[in-house]
Amino acid sequence: MDSLITLKNGKLFVPSHPIVPFIEGDGVGKEITAVMKQVVDTAVAKAYAGNRTIEWKEILAGQKAMDEVGSFLPDETLDAISHYKVAIKGPLTTPVGKGMRSLNVTLRQKLDLYVCLRPVEYLCGVPSPVKHPEKVDMVVFRENTEDIYAGIEWEAGSSEVGKVLAFLADEMGVDKIRFPKSSALGIKPVSREGSERLIRSAISYALENDRRNVTLVHKGNIMKFTEGGFLTWGYALAEREFGAVKNAQGRYFIKRQGQEDLEIKDCICDAFLQNILLKPEVYDVIATLNLNGDYISDALAAEIGGIGIAPGANINYESGFAIFEATHGTAPDIAGKNLVNPLSLVLSAEMMLRYLHWNEAADLVRDSVSRSISSGKVTQDFYHLLQDEKIPSVLLGTREFGETLIENL
Ligand code: NAD
């Protein structure tokens with residue numbers, strides 16, 4: 001039993017030798033998973049000299065699962081993640097075909113992983129399209145289970161959409177739909193409970209990690225009850241559960257002992273997308289709805305040059321379930337060619353180590369990644385960008401870059 005991660009009173013208890021399930025992933029998954037495991041094992045060995053280790057347990061999903069056991073997402077995989085709580089995964093091919101849901105979305109929904117967590121911090125030496133990428137240092141909490149993303153929509157011309165249109169016109173008096181005969185319709189559920197648990201996670205994270213402020217990003221000026229609700233419920237929660245108080249200038253702060261108070265503020269999403277280019281340094285922790293969060297995460301990742309190496313996680317802080325994952329896809333064009341950059345999964349593993357409170361090992365991984373990129377010895381994606389900017393660099397394959405990461409640990 002002492003290899004099981006457990007959650008008691010909202011606190012994660014991690015044994016010294018936890019079993020961590022991993023999904024290798026399709027396409028480039030095999031290559032990046034191999035590097036990630038070696039880097040993590042070496043960092044943990046260096047940090048804890050054998051007193052802590054990770055026992056990896058492979059679980060199946062995607063094409064490999066289909067080939068071996070005849071299902072893209074076997075029940076045993078979900079059972080194993082529920083049992084062991086924390087897992088890490090490579091990218092999965094979304095099977096093409098009507099009615100086939102994305103495996104990633106299925107995993108998030110089945111385990112109710114309501115936070116999509118994306119830290120966005122510049123790594124020195126990474127080629128970036130903006131002048132001062134080092135000013136970007138944010139952590140995005142994107143709501144993962146609600147919004148227009150919940151998948152409640154009907155095709156234009158279908159009998160279902162006809163029923164909903166008739167209901168809206170006859171029962172609700174809706175006459176604002178410009179072209180009713182040819183409209184498709186989608187539903188945008190945003191609940192108080194769903195918003196509160198996401199915002200609670202973001203504020204708790206900001207307090208635990210000494211962050212400066214939390215910004216609620218929304219479009220409440222237009223969508224008053226859904227996105228506006230998110231905003232109203234967010235401030236109410238900050239007041240009720242964290243004791244946030246409005247000052248004379250109308251700004252909200254949560255008191256902290258011995259350090260600056262934590263500010264809770266908000267920003268309309270379109271303005272936010274401008275501001276992250278014009279003054280990214282004013283933002284820190286971001287709490288936002290599902291669709292906004294999708295756009296924001298990728299825009300921020302691009303600013304720091306990290307769109308292909310951005311790490312991510314899907315977490316339920318109430319159950320403790322967490323899946324850390326490479327955010328890019330299976331990259332079929334380069335799979336099996338020793339070309340893929342393994343950093344998205346390696347940095348996701350760094351996030352996982354921090355989630356387990358193994359910060360010493362996480363710091364080693366982070367330092368090694370910084371040192372490796374700064375040395376200019378990189379995989380082909382970075383190599384081409386550095387060449388474009390006339391920065392001297394050396395081209396390495398995935399395995400060789402993995403060896404560099406280990407040497408630099
Ligand atoms: P992709 O991210 O796989 O590839 C887009 C481009 O980026 C390709 O040219 C690829 O070679 C390159 N690229 C991606 N990651 C890279 C890396 N680490 N190093 C170097 N180059 C990299 O996106 P896609 O082609 O749209 O999707 C391919 C498949 O992946 C689809 O089946 C899609 O459904 C799936 N997908 C899975 C996830 C996931 O599991 N989280 C996410 C996105 C897409």
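We count ligands from 1, going down the list as the structure has it; atoms in each ligand are counted the same way.
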Fill in the blank from the handout: So the atoms of ligand 1 within less than 4.0 Å of a heavy atom of L92 turn out to be 35 (C), 36 (N), 37 (C), 39 (C), 40 (O)

Fill in the blank from the handout: Rounded to the nearest 0.5 Å, the CG atom of L405 sits from the CG atom of D367 at a distance of 12.0 Å

Handout entry: Aromatic Y149 / basic R142 pairing, under 6.0 angstrom, 45° off normal
Key = yes

Problem - Centroid separation Y355 to F324 less than 6.0 Å - result: yes

Practice task
Identify the protein heavy atom lying closest to atom 9 (O) of ligand 1, giving its residue, its atom name and the separation to 0.1 Å.
Solution key: D333 OD2, 2.9 Å

Exercise for the section: Specify the protein heavy atom at minimum distance from atom 34 (O) of ligand 1: its residue, its atom name, and the distance to 0.1 Å. Expected result: T94 OG1, 3.1 Å

Practice task
Please report which non-hydrogen protein atom sits nearest to atom 4 (O) of ligand 1, along with the residue it belongs to and the distance in Å to one decimal place.
Solution key: A331 CA, 4.2 Å

Problem - Heavy atom of protein closer than 4.0 angstrom to atom 32 (O) of ligand 1 - result: yes

Completion exercise
Under 4.0 Å from one or more heavy atoms of I334, ligand 1 contributes atoms 11 (O), 20 (C), 21 (N)

Handout entry: Evaluation steps, side-chain hydrogen bond (donor to acceptor under 3.5 Å, both in side chains), between Q387 and S393
Key = CA-CA 7 Å; Q387 293 284 302; S393 44; 3.2 Å; yes

Problem - atom 41 (N) of ligand 1 touched by protein heavy atom at under 4.0 Å - result: yes

Practice task
Report the nearest protein non-hydrogen atom to atom 39 (C) of ligand 1: residue, atom name, distance rounded to 0.1 Å.
Solution key: N104 ND2, 3.1 Å

Exercise for the section: Measure the distances from the heavy atoms of G308 to every atom of ligand 1 and state whether one is below 4.0 angstrom. Expected result: yes

Handout entry: Pair E263 + R212, salt bridge at N-O below 4.0 Å
Key = no

Exercise for the section: Return a yes/no value: protein heavy atom under 4.0 Å from atom 26 (O) of ligand 1? Expected result: no

Practice task
Pull out every atom of ligand 1 sitting under 4.0 Å from any heavy atom of A326, numbered as shown with elements.
Solution key: 41 (N)

Exercise for the section: Output yes when the distance from some N or O of ligand 1 to some N or O of H328 is under 3.5 Å, and no in every other case. Expected result: yes

Problem - Charged N-O contact under 4.0 Å between E400 and K377 - result: no

Problem - Close N or O approach (N341, ligand 1; < 3.5 Å) - result: yes

Completion exercise
Looking only at protein heavy atoms, what sits closest to atom 28 (C) of ligand 1 is T330 OG1, 3.6 Å

Problem - Cationic N near anionic O, under 4.0 Å, K219 to E227 - result: no

Exercise for the section: Starting from atom 17 (C) of ligand 1, locate the nearest protein heavy atom and write down its residue, its atom name and how far away it is, to 0.1 Å. Expected result: V340 CG2, 3.5 Å

Problem - Electrostatic pair E403-R399, nearest N-O below 4.0 angstrom - result: no

Handout entry: Y283 vs V217 side-chain heavy atoms within contact, under 4.5 Å
Key = no

Practice task
Identify, for atom 36 (N) of ligand 1, the protein heavy atom at the shortest distance, and state residue, atom and that distance.
Solution key: G329 CA, 3.4 Å

Handout entry: Carboxylate-amine/guanidinium proximity below 4.0 Å for D363 and R354
Key = yes

